[in-house]
Each structure stands twice: as C-alpha cells, then as structure tokens.
Amino acid sequence: MPEGPEIRRAADLLVRAVVNKPLTDVWFAFPSLKPYQSALRGTKVTAIETRGKALLTHFSNGLTLYSHNQLYGVWRVVNAGEAPKETQRSLRVKLETPDAAILLYSASEIGIYDTAEIENHPFLQRIGPDVLDETLTVAQVRERLLSPKFRNRQLGGMLLDQAFLAGLGNYLRAEILWLAKLLPGHKSRELNDAELNALADACLSVARLSYATRGTMDENVHHGALFRFNVFGRTGKPCARCDDPIVKGSVSSRPFFWCPVCQV
DNA sequence: CTTTAAACCTGCTGGC
DNA sequence: TGCCAGCAGGTTTAAA
C-alpha cells in the first residue's frame, strides 16, 4: 500500500541488500520476462532509483527493471539461503546475490527495458517532478500550481494526479490539505498568496516528513517513530488543531478525510 | 479542458 | 469453515 515515501524507503533497503554484488539467481514470474533470466544472471544491480511510485532497478548489462506496486505490490529483503520457493503464488521477482535476495510480491506492472530507453516508458513520460526530489523548491511548486496546466484544477483531484507531483497519493493529499487548512474543492487560481504558499510548502513538507519518519511501513520491521496521520483514517477523532471531529467523505472517487472546522 | 465513472490489477476484511 | 461482496494508500481509459 505504497505512496512515494514508502517506495523510496523500500528502494533504500533494496540498495543496501544487493547493489554491486553478482546476481547468482534471477527469476521472473511472467512468461514475457523469462528470456531475461539467463541474460541477467551473473550481472550486478548497479543502482536502484524511484520516480514517484515507480521503481527502477538498473543492471550492469544495460537493462533496467521497471516496477510499479500499485495498491498491493510489496518488496521484501531476505538473507541468502532464505529465499522462498518460486512456487509461491504471489512472488513476481527474485534477485539473489551471495548475501541477500530481494523479492517483489503481487505487483503486476513489471517490465524489462533498455536502460537507455527507459525514459520513454509511458508512465515516466507522463509524470511531473518527484515530490521527494531534494532539489525541488517551494517556489517551484508554487509556480507549478499557477501554471496553465494546473491553475484550473480542483486541488483534490490534482494532488492525486502524478502529472502534478509524482509520488503523492491518497493519504498524503489528505494530510497536505489539512496542514494547508484548505478544502479539496478549491482551484489554485482562486487561492490568495498566503494560501498558495501554505499549499506549496505542505506538498513538500508532508511528503518529506513521511519519508523521514519511514512513511507507513510495517512497525515491526522498521523501528523508530512512524509518520502520524492527522486526518487520514481518523474519522470521528478530534482534530489536532481545533478538537472538532474529523469527517470522512469521497473526493474524486477516493476516500477523503478532513476537519470541517479549520479547513476552509 | 476538466471531472467523473468504470475497469483492471491483487489482497484483506467482514458479513452471512 | 467457506464464500462473496466490498474496500484499499493506484492508474488508465472512456464518457459526460
């Protein structure tokens, strides 16, 4: 159940587990990828990066594995020798080194491409700047909010659109709009200067805080403080700012949570 | 051009 | 216990 911060956290773990080690076993569940198994065995993973919620695994022979977890995909890391049987129904990808193996379960959006051509992938072509890109500034987000492409869009739908900022998702949009004290029906061109700044700032600060606090990853696996929701999933619970109960509704066909008192 | 609705992918939960 | 409906933190497509 991943948004940008969870995907990037997963990538961090995968990098530590397998980068620059020879692959002793490569296995893909989908028939169309089977031919690549032997071609990749013996190569190394040179880098793993994320673009919004897409994850790219680059190999030393010029190929790249594209994967997108959608709602249900999950990456796991296991020690060498603990790799599961390939008969596990939901196992999709296994990349094993002498030290560790990385496993992708349940995801369906998986493909192998030439690294040189990866930017042509339809999803990567479509998405906007990665919200976790540390060079992205509040001023740039503010400018994007006012650009012809987005100034006329309702905030609720726009924040889910990966063409606006890649990596945002349904919990982040709820938390961003709560922090900016805005309702999802506004369009950016209707916002005053202070609201615009608050929204642009919230887009970056909420996403970065979630990444820094390990997003919503499994508490049993990832120790330390986790990202805390102020509104998401907190129907009926008191708003941290004004104490009034959080309500749930639907915005652009997705669950949405907000404080009806301090969000205007 | 913008918004909505439905479809698809898969896994989990709750009700009967 | 078993099955089915509904839902989920996503994305794409077609239709309004």
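Predicted, not measured: the structure shown is a model, and the values here were computed from it. Only this structure's heavy atoms are used, side chains among them; waters, hydrogens and symmetry mates stay out. Letters A, B, ... mirror the listed sequences (proteins, then strands); counts begin at 1.
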Touch class at under 4.0 angstrom, heavy-atom based, for A:N152 against every strand present: sugar-phosphate
Between C1' of C:dG6 and NZ of A:K248, the distance in whole Å: 11 Å
Distance, rounded to the nearest Å, where A:H68 contributes NE2 and C:dG10 contributes P: 8 Å
Stem list, DNA chain B (Watson-Crick or G-U pairing under 3.5 Å, at least 3 consecutive pairs): B:2-8 with C:10-16, B:10-16 with C:2-8
P atoms of C:dG6 and B:dA6, separation to the nearest Å: 13 Å
Sidechain-backbone polar pair: A:R144 side chain, A:F164 backbone, donor-acceptor under 3.5 Å: yes
Between B:dT2 (P) and A:K187 (NZ): distance, integer Å: 8 Å
Sugar-phosphate, base or nothing in reach of A:R151, heavy atoms under 4.0 Å: nothing
Sugar-phosphate only, base, or nothing, as touched by A:G169 at under 4.0 Å among non-hydrogen atoms: sugar-phosphate
Residue whose closest nucleotide on DNA chain B lies nearer the 5' end, A:S253 versus A:F150: A:F150
Nearest-nucleotide pick for A:R126, side chain only, options being C:dG10, C:dT12, B:dT10: C:dT12
Same apolar cluster: A:V19 and A:L63, side chain cutoff 4.5 Å: yes
Distance in angstrom units between A:L159 CG and B:dT2 C1', rounded: 15 Å
Integer-rounded Å distance: C:dT11 C1' and A:E3 CD: 13 Å
Touch class at under 4.0 angstrom, heavy-atom based, for A:E109 against every strand present: nothing
Touch class at under 4.0 angstrom, heavy-atom based, for A:R92 against every strand present: sugar-phosphate
Nucleotide B:dT4, atom P - distance to CE of A:M158 in whole Å: 14 Å
Partners meeting side-chain hydrogen bond (donor to acceptor under 3.5 Å, both in side chains) with A:N230 (sequence neighbours left out): none
pair A:R126-A:Q162: side-chain heavy atoms closer than 4.5 Å: no
Proximity to the side chain of A:R153 - top-ranked nucleotide from C:dA8, C:dG10, B:dT2: B:dT2
Worked check of side-chain hydrogen bond (donor to acceptor under 3.5 Å, both in side chains) between A:Y211 and A:D12: CA-CA 11 Å; A:Y211 174 64; A:D12 293 344; 2.6 Å; yes
